Engineer: 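My structure is below; once you've seen it, I'll send some questions.
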There are 2 protein chains.
Amino acid sequence: MKAATSQNAVAGQSLADRLYETLRAEIVEGRIAAGSKISEPELARRFEASRGSLREALMRLEALGLLERRVNVGARVVDLSERGLLELYDVREALEGMACRLAATQRTDADLAELRRMLEHHEQQEELRAGTAYFQPEGDFDFHFRIVQASGNDLLIDTLCNRLYYRVRMYRYQLGMASPRAQRAFREHSHIIEAIEAGDGDLAELLMRRHIRASRQNIENKLR
Amino acid sequence: MKAATSQNAVAGQSLADRLYETLRAEIVEGRIAAGSKISEPELARRFEASRGSLREALMRLEALGLLERRVNVGARVVDLSERGLLELYDVREALEGMACRLAATQRTDADLAELRRMLEHHEQQEELRAGTAYFQPEGDFDFHFRIVQASGNDLLIDTLCNRLYYRVRMYRYQLGMASPRAQRAFREHSHIIEAIEAGDGDLAELLMRRHIRASRQNIENKLR
DNA sequence: TGGCGCAAGATTGTCGACAATCTGGATGTG
DNA sequence: CACATCCAGATTGTCGACAATCTTGCGCCA
(Lines give C-alpha, C1' and ligand atoms only; values in the text may rest on other atoms or scores of the structure.)
Protein backbone atom coordinates (compact mmCIF):
# COMPACT_ATOMS: atom_id res chain seq x y z
CA MET A 1 0.00 0.00 0.00
CA LYS A 2 1.26 3.42 -0.91
CA ALA A 3 0.82 6.46 1.24
CA ALA A 4 -1.89 8.82 0.16
CA THR A 5 -0.55 11.70 -1.89
CA SER A 6 -3.27 14.06 -0.75
CA GLN A 7 -4.82 14.50 2.64
CA ASN A 8 -8.14 12.78 2.03
CA ALA A 9 -7.23 10.15 -0.53
CA VAL A 10 -9.39 7.06 -0.58
CA ALA A 11 -8.45 3.91 -2.42
CA GLY A 12 -10.21 3.50 -5.73
CA GLN A 13 -11.40 7.09 -5.74
CA SER A 14 -10.09 9.96 -7.77
CA LEU A 15 -9.87 13.56 -6.66
CA ALA A 16 -12.74 14.39 -8.97
CA ASP A 17 -14.79 11.68 -7.27
CA ARG A 18 -14.32 13.29 -3.89
CA LEU A 19 -15.07 16.77 -5.18
CA TYR A 20 -18.21 15.38 -6.76
CA GLU A 21 -19.42 13.80 -3.54
CA THR A 22 -18.60 16.85 -1.44
CA LEU A 23 -20.32 19.27 -3.78
CA ARG A 24 -23.28 16.95 -4.15
CA ALA A 25 -23.82 16.97 -0.39
CA GLU A 26 -23.46 20.76 -0.20
CA ILE A 27 -26.02 21.28 -2.92
CA VAL A 28 -28.47 18.74 -1.52
CA GLU A 29 -28.26 20.25 1.94
CA GLY A 30 -28.48 23.79 0.64
CA ARG A 31 -25.05 24.96 1.77
CA ILE A 32 -24.68 25.98 -1.85
CA ALA A 33 -27.95 27.76 -2.47
CA ALA A 34 -30.42 26.57 -5.06
CA GLY A 35 -30.33 28.80 -8.12
CA SER A 36 -26.92 30.29 -7.30
CA LYS A 37 -24.14 30.59 -9.82
CA ILE A 38 -21.09 28.36 -9.62
CA SER A 39 -17.67 29.98 -10.02
CA GLU A 40 -15.08 27.49 -11.18
CA PRO A 41 -12.00 29.47 -10.09
CA GLU A 42 -13.49 30.18 -6.68
CA LEU A 43 -14.41 26.56 -5.94
CA ALA A 44 -11.09 25.34 -7.29
CA ARG A 45 -9.24 27.59 -4.85
CA ARG A 46 -11.50 26.57 -2.00
CA PHE A 47 -10.80 22.86 -2.48
CA GLU A 48 -7.19 23.40 -3.53
CA ALA A 49 -7.74 21.51 -6.73
CA SER A 50 -7.22 22.36 -10.35
CA ARG A 51 -10.04 23.62 -12.46
CA GLY A 52 -9.87 20.47 -14.56
CA SER A 53 -10.72 18.15 -11.72
CA LEU A 54 -13.39 20.51 -10.50
CA ARG A 55 -14.95 20.68 -13.94
CA GLU A 56 -15.20 16.91 -14.01
CA ALA A 57 -17.13 17.01 -10.76
CA LEU A 58 -19.39 19.75 -12.10
CA MET A 59 -20.19 17.73 -15.19
CA ARG A 60 -21.26 14.79 -13.11
CA LEU A 61 -23.49 17.04 -11.06
CA GLU A 62 -25.00 18.27 -14.29
CA ALA A 63 -25.67 14.67 -15.32
CA LEU A 64 -27.37 14.16 -11.95
CA GLY A 65 -29.66 17.05 -12.68
CA LEU A 66 -28.37 19.16 -9.80
CA LEU A 67 -26.63 21.71 -12.03
CA GLU A 68 -27.43 23.35 -15.33
CA ARG A 69 -24.59 24.41 -17.56
CA ARG A 70 -24.62 26.66 -20.58
CA VAL A 71 -21.77 26.97 -23.00
CA ASN A 72 -19.48 29.93 -22.32
CA VAL A 73 -21.70 31.05 -19.49
CA GLY A 74 -21.19 28.63 -16.66
CA ALA A 75 -23.07 26.47 -14.21
CA ARG A 76 -25.99 27.26 -11.92
CA VAL A 77 -27.55 25.15 -9.21
CA VAL A 78 -31.04 24.08 -10.25
CA ASP A 79 -34.01 25.99 -8.88
CA LEU A 80 -36.45 24.28 -6.57
CA SER A 81 -40.04 24.81 -7.50
CA GLU A 82 -43.43 23.50 -6.54
CA ARG A 83 -43.83 22.26 -10.08
CA GLY A 84 -40.52 20.41 -9.98
CA LEU A 85 -41.49 18.71 -6.76
CA LEU A 86 -44.81 17.53 -8.15
CA GLU A 87 -43.12 16.29 -11.31
CA LEU A 88 -40.78 14.27 -9.14
CA TYR A 89 -43.74 12.61 -7.43
CA ASP A 90 -45.29 11.57 -10.74
CA VAL A 91 -42.06 9.99 -11.94
CA ARG A 92 -41.57 8.25 -8.62
CA GLU A 93 -45.11 6.93 -8.71
CA ALA A 94 -44.47 5.32 -12.08
CA LEU A 95 -41.02 3.91 -11.31
CA GLU A 96 -41.52 2.83 -7.72
CA GLY A 97 -44.84 1.29 -8.67
CA MET A 98 -43.06 -0.82 -11.25
CA ALA A 99 -40.26 -1.59 -8.79
CA CYS A 100 -42.86 -2.84 -6.34
CA ARG A 101 -44.50 -5.01 -8.98
CA LEU A 102 -41.17 -6.57 -9.89
CA ALA A 103 -40.13 -6.99 -6.27
CA ALA A 104 -43.21 -9.11 -5.71
CA THR A 105 -41.82 -11.79 -8.00
CA GLN A 106 -38.07 -11.11 -8.01
CA ARG A 107 -37.37 -10.51 -4.33
CA THR A 108 -35.11 -12.85 -2.40
CA ASP A 109 -35.92 -14.08 1.09
CA ALA A 110 -33.18 -11.82 2.37
CA ASP A 111 -34.88 -8.81 0.77
CA LEU A 112 -38.13 -9.66 2.48
CA ALA A 113 -36.49 -10.20 5.85
CA GLU A 114 -34.74 -6.83 5.57
CA LEU A 115 -38.01 -5.07 4.71
CA ARG A 116 -39.73 -6.62 7.71
CA ARG A 117 -36.85 -5.63 9.94
CA MET A 118 -37.10 -2.02 8.78
CA LEU A 119 -40.84 -1.97 9.34
CA GLU A 120 -40.40 -3.22 12.90
CA HIS A 121 -37.79 -0.58 13.50
CA HIS A 122 -40.15 2.12 12.29
CA GLU A 123 -42.93 0.80 14.51
CA GLN A 124 -40.73 1.00 17.60
CA GLN A 125 -39.69 4.54 16.78
CA GLU A 126 -43.26 5.52 16.31
CA GLU A 127 -44.32 4.09 19.67
CA LEU A 128 -41.55 5.99 21.39
CA ARG A 129 -42.46 9.29 19.89
CA ALA A 130 -46.18 8.75 20.53
CA GLY A 131 -48.62 11.14 18.94
CA THR A 132 -46.35 14.04 18.12
CA ALA A 133 -44.17 11.78 16.07
CA TYR A 134 -43.72 12.26 12.41
CA PHE A 135 -42.32 9.65 10.16
CA GLN A 136 -38.65 10.48 10.00
CA PRO A 137 -37.93 11.20 6.34
CA GLU A 138 -34.74 9.20 6.05
CA GLY A 139 -36.33 6.07 7.44
CA ASP A 140 -39.23 6.42 5.06
CA PHE A 141 -36.93 6.89 2.17
CA ASP A 142 -34.72 3.98 3.14
CA PHE A 143 -37.80 1.81 2.97
CA HIS A 144 -38.59 2.88 -0.56
CA PHE A 145 -34.94 2.58 -1.45
CA ARG A 146 -34.86 -1.01 -0.25
CA ILE A 147 -37.90 -2.04 -2.25
CA VAL A 148 -36.37 -0.65 -5.40
CA GLN A 149 -33.27 -2.73 -4.84
CA ALA A 150 -35.42 -5.83 -4.43
CA SER A 151 -36.82 -5.33 -7.94
CA GLY A 152 -33.73 -6.86 -9.52
CA ASN A 153 -33.90 -4.44 -12.46
CA ASP A 154 -30.51 -2.72 -12.62
CA LEU A 155 -31.68 0.07 -14.91
CA LEU A 156 -34.58 0.84 -12.60
CA ILE A 157 -32.33 0.73 -9.56
CA ASP A 158 -29.83 3.07 -11.15
CA THR A 159 -32.48 5.51 -12.32
CA LEU A 160 -34.14 5.76 -8.92
CA CYS A 161 -31.24 5.33 -6.53
CA ASN A 162 -28.55 7.22 -8.40
CA ARG A 163 -30.42 9.73 -10.52
CA LEU A 164 -33.58 10.74 -8.69
CA TYR A 165 -32.48 9.98 -5.14
CA TYR A 166 -30.47 13.16 -4.61
CA ARG A 167 -33.11 15.34 -6.15
CA VAL A 168 -35.65 13.93 -3.71
CA ARG A 169 -33.31 14.55 -0.80
CA MET A 170 -32.67 18.09 -2.01
CA TYR A 171 -36.37 18.90 -1.91
CA ARG A 172 -36.75 17.27 1.52
CA TYR A 173 -33.88 19.21 3.01
CA GLN A 174 -34.69 22.57 1.57
CA LEU A 175 -38.46 22.61 1.37
CA GLY A 176 -38.78 20.55 4.56
CA MET A 177 -41.25 18.04 3.25
CA ALA A 178 -41.35 15.63 6.16
CA SER A 179 -44.72 14.02 5.70
CA PRO A 180 -46.61 14.03 9.02
CA ARG A 181 -48.59 10.95 8.17
CA ALA A 182 -46.99 8.57 10.61
CA GLN A 183 -49.53 5.87 11.39
CA ARG A 184 -51.03 6.00 7.96
CA ALA A 185 -47.69 5.65 6.18
CA PHE A 186 -46.76 2.83 8.50
CA ARG A 187 -49.91 0.88 7.66
CA GLU A 188 -49.41 1.49 3.97
CA HIS A 189 -45.86 0.20 4.16
CA SER A 190 -47.09 -2.82 6.02
CA HIS A 191 -49.67 -3.66 3.37
CA ILE A 192 -47.11 -3.22 0.61
CA ILE A 193 -44.83 -5.76 2.25
CA GLU A 194 -47.69 -8.21 2.56
CA ALA A 195 -48.45 -7.92 -1.14
CA ILE A 196 -44.80 -8.44 -1.98
CA GLU A 197 -44.60 -11.47 0.28
CA ALA A 198 -47.73 -12.90 -1.36
CA GLY A 199 -46.14 -12.45 -4.77
CA ASP A 200 -49.05 -10.29 -5.88
CA GLY A 201 -47.41 -7.86 -8.29
CA ASP A 202 -50.63 -6.16 -9.35
CA LEU A 203 -51.61 -5.37 -5.78
CA ALA A 204 -48.08 -4.38 -4.75
CA GLU A 205 -47.88 -1.85 -7.58
CA LEU A 206 -51.35 -0.51 -6.84
CA LEU A 207 -50.58 0.01 -3.17
CA MET A 208 -47.26 1.68 -3.79
CA ARG A 209 -48.77 4.04 -6.31
CA ARG A 210 -51.53 4.97 -3.91
CA HIS A 211 -48.99 5.48 -1.18
CA ILE A 212 -46.93 7.87 -3.26
CA ARG A 213 -49.99 9.63 -4.62
CA ALA A 214 -51.21 10.20 -1.08
CA SER A 215 -47.87 11.81 -0.23
CA ARG A 216 -48.14 13.97 -3.27
CA GLN A 217 -51.68 14.99 -2.37
CA ASN A 218 -50.54 15.79 1.13
CA ILE A 219 -47.86 18.12 -0.21
CA GLU A 220 -50.24 19.66 -2.69
CA ASN A 221 -52.72 20.54 0.04
CA LYS A 222 -50.01 22.06 2.16
CA LEU A 223 -48.82 24.25 -0.66
CA ARG A 224 -52.09 26.11 -1.10
CA MET B 1 -20.19 36.96 -36.92
CA LYS B 2 -16.75 35.52 -36.53
CA ALA B 3 -15.33 32.85 -38.75
CA ALA B 4 -15.24 29.38 -37.27
CA THR B 5 -11.90 28.54 -35.76
CA SER B 6 -12.30 24.83 -36.47
CA GLN B 7 -13.71 23.10 -39.51
CA ASN B 8 -17.07 22.05 -38.09
CA ALA B 9 -17.77 24.75 -35.57
CA VAL B 10 -21.43 25.36 -34.78
CA ALA B 11 -22.65 28.38 -32.89
CA GLY B 12 -23.46 27.69 -29.27
CA GLN B 13 -21.68 24.36 -29.31
CA SER B 14 -18.34 23.48 -27.85
CA LEU B 15 -15.82 21.05 -29.27
CA ALA B 16 -16.67 18.62 -26.50
CA ASP B 17 -20.32 18.89 -27.51
CA ARG B 18 -19.55 17.81 -31.04
CA LEU B 19 -17.28 14.98 -29.94
CA TYR B 20 -20.05 13.83 -27.64
CA GLU B 21 -22.65 13.75 -30.39
CA THR B 22 -20.35 12.05 -32.86
CA LEU B 23 -19.28 9.35 -30.45
CA ARG B 24 -22.84 8.86 -29.28
CA ALA B 25 -23.95 8.13 -32.84
CA GLU B 26 -21.04 5.75 -33.43
CA ILE B 27 -21.81 3.79 -30.31
CA VAL B 28 -25.56 3.69 -30.95
CA GLU B 29 -25.02 2.47 -34.51
CA GLY B 30 -22.39 -0.02 -33.49
CA ARG B 31 -19.48 1.54 -35.38
CA ILE B 32 -17.76 1.43 -32.02
CA ALA B 33 -18.53 -2.11 -30.91
CA ALA B 34 -20.51 -2.81 -27.76
CA GLY B 35 -18.25 -4.02 -24.99
CA SER B 36 -15.08 -2.69 -26.60
CA LYS B 37 -12.48 -0.67 -24.74
CA ILE B 38 -12.09 3.03 -25.39
CA SER B 39 -8.58 4.41 -25.86
CA GLU B 40 -8.40 8.08 -25.01
CA PRO B 41 -5.16 8.83 -26.88
CA GLU B 42 -6.32 6.97 -29.98
CA LEU B 43 -9.67 8.75 -30.19
CA ALA B 44 -8.07 12.10 -29.44
CA ARG B 45 -5.72 11.64 -32.39
CA ARG B 46 -8.52 10.47 -34.63
CA PHE B 47 -10.62 13.58 -33.97
CA GLU B 48 -7.62 15.90 -33.74
CA ALA B 49 -8.71 17.09 -30.33
CA SER B 50 -6.99 17.20 -26.99
CA ARG B 51 -7.55 14.48 -24.46
CA GLY B 52 -9.27 16.98 -22.18
CA SER B 53 -12.08 17.73 -24.58
CA LEU B 54 -12.42 14.07 -25.42
CA ARG B 55 -12.64 13.14 -21.77
CA GLU B 56 -15.49 15.56 -21.31
CA ALA B 57 -17.37 13.82 -24.11
CA LEU B 58 -16.65 10.43 -22.56
CA MET B 59 -17.98 11.53 -19.21
CA ARG B 60 -21.23 12.61 -20.78
CA LEU B 61 -21.51 9.27 -22.52
CA GLU B 62 -20.99 7.62 -19.15
CA ALA B 63 -23.81 9.73 -17.71
CA LEU B 64 -25.99 8.57 -20.60
CA GLY B 65 -25.30 4.97 -19.68
CA LEU B 66 -23.51 4.20 -22.94
CA LEU B 67 -20.07 3.87 -21.32
CA GLU B 68 -18.76 2.47 -18.09
CA ARG B 69 -15.63 3.99 -16.59
CA ARG B 70 -13.43 2.66 -13.85
CA VAL B 71 -10.79 4.70 -12.09
CA ASN B 72 -7.30 4.22 -13.48
CA VAL B 73 -8.55 1.59 -15.88
CA GLY B 74 -10.52 3.42 -18.53
CA ALA B 75 -13.84 3.32 -20.34
CA ARG B 76 -15.68 0.49 -22.05
CA VAL B 77 -18.80 0.59 -24.20
CA VAL B 78 -21.67 -1.09 -22.38
CA ASP B 79 -22.57 -4.64 -23.28
CA LEU B 80 -25.88 -5.40 -24.90
CA SER B 81 -27.72 -8.28 -23.33
CA GLU B 82 -31.12 -9.88 -23.46
CA ARG B 83 -31.57 -9.00 -19.84
CA GLY B 84 -30.70 -5.35 -20.41
CA LEU B 85 -33.22 -5.16 -23.24
CA LEU B 86 -36.01 -6.59 -21.10
CA GLU B 87 -35.11 -4.25 -18.25
CA LEU B 88 -35.45 -1.36 -20.66
CA TYR B 89 -38.94 -2.48 -21.59
CA ASP B 90 -40.08 -2.59 -17.96
CA VAL B 91 -38.81 0.92 -17.32
CA ARG B 92 -40.39 2.19 -20.50
CA GLU B 93 -43.68 0.58 -19.59
CA ALA B 94 -43.73 2.44 -16.30
CA LEU B 95 -42.60 5.82 -17.60
CA GLU B 96 -44.43 5.91 -20.92
CA GLY B 97 -47.54 4.67 -19.20
CA MET B 98 -47.35 7.64 -16.85
CA ALA B 99 -46.53 9.95 -19.75
CA CYS B 100 -49.66 8.75 -21.51
CA ARG B 101 -51.79 9.31 -18.41
CA LEU B 102 -50.49 12.86 -18.06
CA ALA B 103 -50.82 13.56 -21.76
CA ALA B 104 -54.53 12.78 -21.53
CA THR B 105 -55.04 15.83 -19.32
CA GLN B 106 -52.06 18.04 -20.14
CA ARG B 107 -51.91 17.84 -23.92
CA THR B 108 -52.46 20.88 -26.06
CA ASP B 109 -54.57 20.84 -29.18
CA ALA B 110 -51.38 21.13 -31.20
CA ASP B 111 -50.05 17.96 -29.53
CA LEU B 112 -53.17 16.07 -30.48
CA ALA B 113 -53.14 17.33 -34.06
CA GLU B 114 -49.51 16.28 -34.43
CA LEU B 115 -50.25 12.80 -33.08
CA ARG B 116 -53.12 12.38 -35.51
CA ARG B 117 -50.93 13.56 -38.36
CA MET B 118 -48.28 10.98 -37.50
CA LEU B 119 -50.86 8.22 -37.29
CA GLU B 120 -52.17 9.10 -40.74
CA HIS B 121 -48.66 9.10 -42.10
CA HIS B 122 -48.06 5.64 -40.68
CA GLU B 123 -51.30 4.37 -42.17
CA GLN B 124 -50.32 5.55 -45.63
CA GLN B 125 -46.91 3.92 -45.38
CA GLU B 126 -48.49 0.72 -44.28
CA GLU B 127 -50.90 0.65 -47.21
CA LEU B 128 -48.03 1.17 -49.62
CA ARG B 129 -45.95 -1.64 -48.25
CA ALA B 130 -48.92 -4.00 -48.10
CA GLY B 131 -48.50 -7.25 -46.23
CA THR B 132 -44.75 -7.56 -46.17
CA ALA B 133 -44.52 -4.26 -44.40
CA TYR B 134 -43.11 -3.94 -40.97
CA PHE B 135 -43.64 -0.94 -38.82
CA GLN B 136 -40.61 1.16 -39.46
CA PRO B 137 -38.85 1.50 -36.11
CA GLU B 138 -38.11 5.19 -36.30
CA GLY B 139 -41.72 6.05 -37.03
CA ASP B 140 -42.91 3.95 -34.16
CA PHE B 141 -40.44 5.52 -31.84
CA ASP B 142 -41.27 9.02 -32.98
CA PHE B 143 -44.84 8.33 -32.00
CA HIS B 144 -43.88 7.33 -28.48
CA PHE B 145 -41.47 10.23 -28.34
CA ARG B 146 -44.24 12.68 -29.21
CA ILE B 147 -46.60 11.39 -26.56
CA VAL B 148 -43.93 11.79 -23.92
CA GLN B 149 -43.48 15.40 -24.90
CA ALA B 150 -47.22 15.97 -24.60
CA SER B 151 -47.08 14.93 -20.94
CA GLY B 152 -45.80 18.33 -19.88
CA ASN B 153 -43.58 16.79 -17.20
CA ASP B 154 -40.07 18.05 -17.87
CA LEU B 155 -38.40 15.48 -15.64
CA LEU B 156 -40.24 12.67 -17.37
CA ILE B 157 -39.42 14.08 -20.78
CA ASP B 158 -35.75 14.40 -19.92
CA THR B 159 -35.53 10.92 -18.48
CA LEU B 160 -37.15 9.25 -21.46
CA CYS B 161 -35.99 11.42 -24.34
CA ASN B 162 -32.47 12.20 -23.23
CA ARG B 163 -31.51 9.32 -21.01
CA LEU B 164 -33.26 6.19 -22.24
CA TYR B 165 -33.77 7.19 -25.86
CA TYR B 166 -30.26 6.39 -27.06
CA ARG B 167 -30.14 3.12 -25.21
CA VAL B 168 -33.36 2.07 -26.97
CA ARG B 169 -31.93 3.05 -30.32
CA MET B 170 -28.72 1.16 -29.58
CA TYR B 171 -30.64 -2.04 -29.01
CA ARG B 172 -32.73 -1.49 -32.13
CA TYR B 173 -29.73 -0.91 -34.34
CA GLN B 174 -27.57 -3.69 -33.06
CA LEU B 175 -30.04 -6.39 -32.13
CA GLY B 176 -32.36 -5.46 -35.00
CA MET B 177 -35.57 -5.38 -33.05
CA ALA B 178 -37.94 -4.04 -35.65
CA SER B 179 -41.25 -5.30 -34.40
CA PRO B 180 -43.19 -6.92 -37.25
CA ARG B 181 -46.54 -6.17 -35.71
CA ALA B 182 -47.66 -3.59 -38.21
CA GLN B 183 -51.45 -3.58 -38.21
CA ARG B 184 -51.67 -4.46 -34.58
CA ALA B 185 -49.34 -1.68 -33.48
CA PHE B 186 -51.20 0.73 -35.69
CA ARG B 187 -54.54 -0.10 -34.08
CA GLU B 188 -53.01 0.16 -30.62
CA HIS B 189 -51.60 3.58 -31.40
CA SER B 190 -54.96 4.64 -32.70
CA HIS B 191 -56.75 3.60 -29.53
CA ILE B 192 -54.18 5.36 -27.40
CA ILE B 193 -54.80 8.60 -29.24
CA GLU B 194 -58.53 8.23 -28.75
CA ALA B 195 -58.09 7.79 -25.02
CA ILE B 196 -55.85 10.86 -24.87
CA GLU B 197 -58.34 12.89 -26.88
CA ALA B 198 -61.14 11.80 -24.54
CA GLY B 199 -59.04 12.92 -21.56
CA ASP B 200 -59.24 9.42 -20.07
CA GLY B 201 -55.91 9.13 -18.26
CA ASP B 202 -56.64 5.73 -16.73
CA LEU B 203 -57.43 4.18 -20.08
CA ALA B 204 -54.57 5.93 -21.88
CA GLU B 205 -52.07 4.57 -19.38
CA LEU B 206 -53.56 1.09 -19.51
CA LEU B 207 -53.43 0.96 -23.30
CA MET B 208 -49.87 2.25 -23.50
CA ARG B 209 -48.68 -0.27 -20.95
CA ARG B 210 -50.35 -3.11 -22.82
CA HIS B 211 -48.84 -1.87 -26.03
CA ILE B 212 -45.33 -1.87 -24.63
CA ARG B 213 -45.83 -5.15 -22.83
CA ALA B 214 -46.94 -6.72 -26.10
CA SER B 215 -43.75 -5.53 -27.74
CA ARG B 216 -41.76 -6.96 -24.90
CA GLN B 217 -43.57 -10.27 -25.16
CA ASN B 218 -42.93 -10.32 -28.88
CA ILE B 219 -39.19 -9.88 -28.31
CA GLU B 220 -39.18 -12.43 -25.54
CA ASN B 221 -40.75 -15.06 -27.79
CA LYS B 222 -38.27 -14.34 -30.53
CA LEU B 223 -35.34 -14.76 -28.21
CA ARG B 224 -36.08 -18.36 -27.28
C1' DT C 1 6.92 -26.92 -15.92
C1' DG C 2 4.06 -23.82 -13.40
C1' DG C 3 3.67 -19.83 -10.71
C1' DC C 4 5.40 -15.59 -8.66
C1' DG C 5 7.74 -11.10 -8.83
C1' DC C 6 9.52 -7.32 -11.27
C1' DA C 7 10.49 -3.93 -14.77
C1' DA C 8 9.13 -1.52 -19.10
C1' DG C 9 5.59 0.44 -21.68
C1' DA C 10 1.31 2.43 -22.07
C1' DT C 11 -2.75 4.60 -20.10
C1' DT C 12 -5.23 7.46 -16.97
C1' DG C 13 -5.50 11.42 -13.56
C1' DT C 14 -4.04 16.05 -12.57
C1' DC C 15 -2.25 20.45 -13.36
C1' DG C 16 -1.17 25.26 -15.03
C1' DA C 17 -1.29 28.33 -19.05
C1' DC C 18 -3.26 30.36 -23.23
C1' DA C 19 -7.09 31.60 -26.32
C1' DA C 20 -12.01 32.51 -27.13
C1' DT C 21 -16.14 34.26 -25.27
C1' DC C 22 -19.32 36.52 -22.21
C1' DT C 23 -20.70 40.23 -18.73
C1' DG C 24 -21.12 44.83 -16.91
C1' DG C 25 -20.17 49.53 -16.86
C1' DA C 26 -18.59 53.71 -19.05
C1' DT C 27 -19.17 56.64 -23.01
C1' DG C 28 -21.06 59.01 -26.68
C1' DT C 29 -25.15 60.27 -29.55
C1' DG C 30 -30.04 61.02 -30.92
C1' DC D 1 -33.01 61.00 -20.80
C1' DA D 2 -33.02 56.68 -23.42
C1' DC D 3 -30.36 53.72 -26.14
C1' DA D 4 -26.70 51.68 -28.75
C1' DT D 5 -21.59 50.95 -28.80
C1' DC D 6 -17.40 49.73 -27.07
C1' DC D 7 -13.86 48.53 -23.84
C1' DA D 8 -11.97 46.21 -19.70
C1' DG D 9 -12.21 42.54 -16.57
C1' DA D 10 -13.42 38.08 -15.53
C1' DT D 11 -14.90 33.49 -16.82
C1' DT D 12 -15.07 29.48 -19.64
C1' DG D 13 -13.10 26.26 -23.27
C1' DT D 14 -8.99 24.02 -24.96
C1' DC D 15 -4.46 22.39 -24.94
C1' DG D 16 0.06 20.02 -23.94
C1' DA D 17 2.97 18.16 -20.26
C1' DC D 18 3.96 15.72 -15.95
C1' DA D 19 2.90 12.37 -12.25
C1' DA D 20 0.51 8.24 -10.60
C1' DT D 21 -1.36 3.91 -11.73
C1' DC D 22 -2.34 -0.17 -14.31
C1' DT D 23 -1.15 -3.83 -17.73
C1' DT D 24 1.96 -6.95 -20.02
C1' DG D 25 5.73 -9.70 -20.90
C1' DC D 26 10.01 -11.49 -19.25
C1' DG D 27 12.95 -13.75 -16.07
C1' DC D 28 13.62 -16.39 -11.97
C1' DC D 29 12.79 -19.90 -8.58
C1' DA D 30 10.50 -23.91 -6.36
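Convention: sequence-line order gives letters A, B, ...; per-chain numbering from 1. This structure is a prediction, so every number in the text was calculated from the model and none was measured.
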Engineer: Starting from C1' on dG13(D), measure out to CG on L19(B) and report it in whole angstrom.
Structural biologist: 12 Å
Engineer: Specify the residues of residues 54-61 of chain A, ordered by number, for which at least one heavy atom lies under 4.0 angstrom from an atom of DNA chain D.
Structural biologist: R55(A)
Engineer: For Y20(B), does the six-membered ring have the charged nitrogen or CZ of R24(B) within the cation-pi criterion, i.e. under 6.0 angstrom from the centroid and within 45° of the normal?
Structural biologist: yes
Engineer: Whole Å only: how far is the CD atom of E40(B) from the P atom of dT21(D)?
Structural biologist: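 Rounded to whole Å, this separation is 17 Å.
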Engineer: Do L80(B) and L85(B) make a side-chain contact, defined as non-hydrogen atoms from C-beta onward lying under 4.5 Å apart?
Structural biologist: no
Engineer: Using a strict threshold of under 4.0 Å (side-chain N to carboxylate O), is an ion pair present between R83(B) and E87(B)?
Structural biologist: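 Yes.
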Engineer: For D17(A) and dT12(C), what is the distance between atoms CG and P respectively, to the nearest whole Å?
Structural biologist: 16 Å
Engineer: Identify all pairs in which a protein N or O lies below 3.5 Å from an N or O of nucleotides 15-19 of chain D, and state each distance.
Structural biologist:
residue : atom : partner : partner atom : Å
dC15(D) : OP2  : S50(B)  : N            : 3.1
dC15(D) : OP2  : S50(B)  : OG           : 3.0
dC15(D) : OP2  : S53(B)  : OG           : 3.1

Engineer: Just to be sure I understand the geometry, which residues of residues 62-71 of chain A put a non-hydrogen atom under 4.0 Å away from DNA chain D?
Structural biologist: R69(A), V71(A)
Engineer: Compare side-chain N and O positions of K37(B) against OP1 and OP2 of dC22(D) and report whether any pair is under 4.0 Å apart.
Structural biologist: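 No, outside the criterion.
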Engineer: With side chain to side chain contact (heavy atoms under 4.5 Å, CB included) as the test, pick out the partner of L61(B) among V78(B), L23(B), V77(B).
Structural biologist: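 It is L23(B); the other options fail the test.
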Engineer: Just by distance, no angles: are the side chains of S14(A) and D17(A) close enough, under 3.5 Å, to form a donor-acceptor pair?
Structural biologist: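 The answer is yes; a qualifying pair exists.
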Engineer: Yes or no on salt bridge (charged side-chain N to carboxylate O under 4.0 Å, His left out) for R55(A) and E56(B), after CA distance, side-chain angles and deciding distance?
Structural biologist: CA-CA 9 Å; R55(A) 276 169 67 86; E56(B) 177 168 340; 3.5 Å; yes
Engineer: Using a 4.0 Å heavy-atom cut-off across all strands, classify I38(A) as base, sugar-phosphate, or nothing.
Structural biologist: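 It contacts sugar-phosphate atoms only.
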Engineer: Name the orientation class of the two ring planes belonging to H211(B) and H189(B) (parallel below 30°, tilted from 30 to 60°, perpendicular beyond 60°).
Structural biologist: perpendicular
Engineer: Does the side chain of D109(A) reach to within under 4.5 Å of the side chain of R107(A), using non-hydrogen atoms?
Structural biologist: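 With C-beta onward as the side chain, the pair touches.
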Engineer: Can you tell me how far P of dT12(C) sits from CD of E42(B), to the nearest Å?
Structural biologist: 10 Å
Engineer: Is any side-chain heavy atom of N153(B) less than 4.5 Å from a side-chain heavy atom of V148(B)?
Structural biologist: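 They are not in contact (no side-chain heavy atoms under 4.5 Å apart), so the answer is no.
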Engineer: Can a side-chain donor-acceptor contact be found between N218(B) and S215(B) if the only test is distance below 3.5 angstrom?
Structural biologist: no
Engineer: Considering only NZ, NE, NH1 and NH2 on the basic side and carboxylate oxygens on the acidic side, decide whether E21(A) and R18(A) come within less than 4.0 Å.
Structural biologist: no
